[in-house]
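See structure below.
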Amino acid sequence: MTAVAVFIVLIGLMGLLGSLIPTYQICHQKQAGHRGWHLLLAMIGMFILGYVGFLWMLMHRNTASLEMVVAAVFSAGGGFVWLVVKMSQETILTLQNTLAEKHYQAYHDPLTDLANRHQLYEKIDELSQNENTHFCFLMMDLNDFKMINDNLGHDAGDKVLQIIAHRIQTMMPMQALAVRLGGDEFAVVLPSSCIDQAKQLAQSIQQHIMQDILCEGHRLAVGISIGIACYPQDGEDRKTLMKNADIAMYKAKRSGNTYETYSTNDDINDFPQS
């Protein structure tokens, strides 16, 4: 009977040992690291010592019915702790994945996977909080994109937008943020940059986007107009900076140039506002 009791207790001890790592992992998760899990981890350690002590006692005395009952309780207790910890870990992981997915959806455009307007606003506000920072903002609009939707359909238009978004993303330097504002409007935040760097990026984006796109059996060449405004000289807040980049973009669209920079001489009434 002693061997049977020892075996039963060992099953429970294995359950406790198997609970240590997942409990430790839960303790060190930022969202789930409640003090209760630290207490449980300490209790599991004490339980393990108790199980070892009981095993030592079983091997040094005759095993009766009472010891068998206690061994069964120990085994069930270890299995219960393991089951609760594993189920809790899976539940926490599921909740974290759900929250991460919702967070991603809240900050990204569903069609192109670029950052969306909400993330753009937060990025500009974050950068502008630093008094010594300087960065450039590029507002971009595709030329005559409506013709693609009208002639080839919206599915083809969506495919073109996805291709263009991918091309823009591949041109991004480190720390730059590419954004789809909506429709055929895109934007780029270029931290710690000067106007010359913004112009160079605008030129590269235009050259990359102008490469032919095969869609619905057609070979398309899509143009883009880009307006550039720099913080803080072209706007000390997000609204002003974006408005001035928008003005520069329409100046580029009207002049036929790839890009234009904002100038204080630009009259807001000369350009439509999107």
**Asked** With distance as the sole test, does H134 use its side chain to make a donor-acceptor pair with the main-chain N or O of S193 at under 3.5 Å?
**Response**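 At least one qualifying donor-acceptor pair exists.
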**Asked** Where the side chain of Q197 meets the backbone of C194, is there a donor-acceptor pair that is under 3.5 Å apart?
**Response** yes
If you count the non-hydrogen atoms of other residues, nucleotides and ligands that lie under 6.0 Å from [atom1] in [X], is the total more than 12?
X    : atom1 : result
Q175 : CD    : no
M171 : CE    : yes
Q211 : CD    : yes

**Request:** Answer whether the closest heavy-atom distance between the side chains of K199 and C136 falls below 4.5 Å.
**Result:** no
Report yes or no: do [X] and [Y] form a side-chain donor-acceptor pair below 3.5 Å?
X    : Y    : value
S128 : D237 : no
S255 : E260 : yes
Y250 : R254 : no

**Asked** Quick one: do W37 and Y24 end up in the same hydrophobic cluster if we chain Ile, Leu, Val, Met, Phe, Trp and Tyr together by side-chain heavy atoms under 4.5 Å apart?
**Response** yes
**Request:** Report the residues that fulfil side chain to side chain donor-acceptor pair (under 3.5 Å) with T112, sequence neighbours left out, ordered by chain and then residue number.
**Result:**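 Applying side chain to side chain donor-acceptor pair (under 3.5 Å) to T112 gives D109.
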**Prompt:** Do the ring centers of F74 and Y51 come within less than 6.0 Å of each other?
**Reply:** yes
